[in-house]
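Data first, discussion second: the structure below is written as structure tokens.
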Amino acid sequence: MTVLAAEINPLVPQTAEIVVALITFGILFWFVAKVVVPRFEQAYAERTAAIEGGLEKAEQAQAQASAALEQYQAQLADARGEASQIREQARTQGASILAEMREQAQAEADRLVANAHTQIEAERVAALTSLRAEVGSLATDLAEKIVGEALTDDERQQRVIDRFLADIEAQNSGASR
């Protein structure tokens with residue numbers, strides 16, 4: 001029994017099993033090396049190319065974004081400068097318009113004052129003329145009553161009125177001195 005037990009040892013493989021295992025391993029190795037590994041290599045190469053292409057695209061996009069940002073900042077700076085110039089022009093134009101409006105208002109005020117002086121002078125002359133006529137007629141009526149004679153002669157009446165007014169003016173100018 002000892003001999004039989006030594007030959008049937010399950011831990012030691014038999015030669016036929018070793019040969020079959022080696023042939024199967026060889027076929028499997030060849031299949032993996034010829035079919036599976038190239039597909040993995042191809043997938044790895046495609047993935048590497050996609051990643052590198054993505055990185056290049058990302059770098060290009062980053063460069064474009066940086067260029068666009070710089071361009072935007074330059075345009076923003078130009079716009080701010082232009083806005084500043086427009087504000088300054090508006091201030092200057094506003095000041096000139098204000099000065100022009102003041103000049104026009106002053107000219108209008110001067111014109112109104114001159115018109116008022118002219119009108120006052122015309123009214124003064126009209127009032128003086130009216131007053132002379134009225135004072136003359138009153139003086140004539142008074143003189144007729146005092147003298148008792150009719151002063152119906154227009155020339156005589158005008159001479160009396162002129163003399164009377166001249167006397168009054170002489171008294172006023174003498175009193176004002």
Side-chain angles (χ1 to χ4, degrees), residues 1-134 169 172-173 175-177:
M1 270 227 174
T2 60
V3 173
L4 188 59
E7 281 187 31
I8 305 181
N9 188 357
L11 295 176
V12 178
Q14 292 184 3
T15 310
E17 289 179 350
I18 292 176
V19 171
V20 170
L22 283 177
I23 292 174
T24 305
F25 178 76
I27 292 172
L28 187 61
F29 183 78
W30 177 82
F31 178 76
V32 168
K34 293 295 180 188
V35 176
V36 176
V37 170
R39 287 189 183 170
F40 277 134
E41 287 294 324
Q42 181 182 6
Y44 176 73
E46 288 173 359
R47 191 173 242 183
T48 302
I51 290 172
E52 288 176 356
L55 287 175
E56 287 177 10
K57 287 180 184 178
E59 288 174 0
Q60 289 175 354
Q62 182 68 27
Q64 288 175 349
S66 296
L69 179 63
E70 289 175 8
Q71 183 180 10
Y72 169 74
Q73 288 174 344
Q75 288 176 348
L76 185 61
D78 289 345
R80 285 181 180 156
E82 186 175 335
S84 175
Q85 288 175 350
I86 289 171
R87 278 193 305 268
E88 189 59 36
Q89 287 175 350
R91 283 187 192 124
T92 304
Q93 191 174 25
S96 67
I97 288 172
L98 186 60
E100 183 179 322
M101 297 281 281
R102 283 183 183 157
E103 288 175 9
Q104 288 177 354
Q106 185 63 39
E108 183 68 18
D110 291 345
R111 186 186 63 79
L112 289 175
V113 167
N115 285 344
H117 283 298
T118 304
Q119 187 176 1
I120 289 170
E121 184 61 28
E123 288 176 3
R124 187 183 72 75
V125 168
L128 239 163
T129 305
S130 172
L131 187 62
R132 275 182 183 246
E134 194 173 321
E169 286 179 5
N172 282 342
S173 60
S176 64
R177 288 184 187 174

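Along the sequence shown, the residues carry numbers beginning at 1. Computed over heavy atoms, backbone and side chain alike; hydrogens, waters and symmetry mates excluded.
Among residues two or more places apart in sequence or in another chain, the salt bridge (charged side-chain N to carboxylate O under 4.0 Å, His left out) test is passed with Glu169 by Arg132. Under the side chain to side chain contact (heavy atoms under 4.5 Å, CB included) criterion, Leu76 pairs with Tyr72, Arg80, sequence neighbours left out.
Environment of CD in Gln104: crowded, with over 12 heavy atoms of neighbouring residues, nucleotides or ligands closer than 6.0 Å. The environment of CZ in Arg111 is crowded: more than 12 heavy-atom neighbours from other residues, nucleotides or ligands sit within 6.0 Å. By the 6.0 Å contact criterion, CD on Gln73 is enclosed, its count of non-hydrogen atoms from other residues, nucleotides or ligands being greater than 12.
At least one side-chain heavy atom of Glu121 sits less than 4.5 Å from a side-chain heavy atom of Arg124. Contact annotation: the side chain of Glu88 never approaches that of Gln85 to less than 4.5 Å [non-hydrogen atoms, C-beta and beyond]. Side-chain contact between Glu46 and Gln42: present, with at least one pair of heavy atoms (C-beta onward) separated by less than 4.5 Å.
Shown here for Pro38 and Val32, the closest heavy-atom pair between the two residues is CD-O, 4.3 Å.
Note: Thr92 OG1 to Ile97 CD1 = 11.0 Å, rounded to the nearest 0.5 Å. Rounded to the nearest 0.5 Å, atoms CD (Glu103) and CG (Asp110) are 11.5 Å apart. The distance from atom CD of Glu52 to atom CD of Glu59, rounded to the nearest 0.5 Å, is 10.5 Å. To the nearest 0.5 Å, atoms CE (Met101) and CG (Leu98) are separated by 8.0 Å.
A donor-acceptor pair under 3.5 Å is absent between the side-chain atoms of Ser130 and the main chain of Ala126, judged by distance alone.
For the residue pair Asn115 / Gln119, no side-chain donor-acceptor distance below 3.5 Å is found, with atom types taken as modelled.
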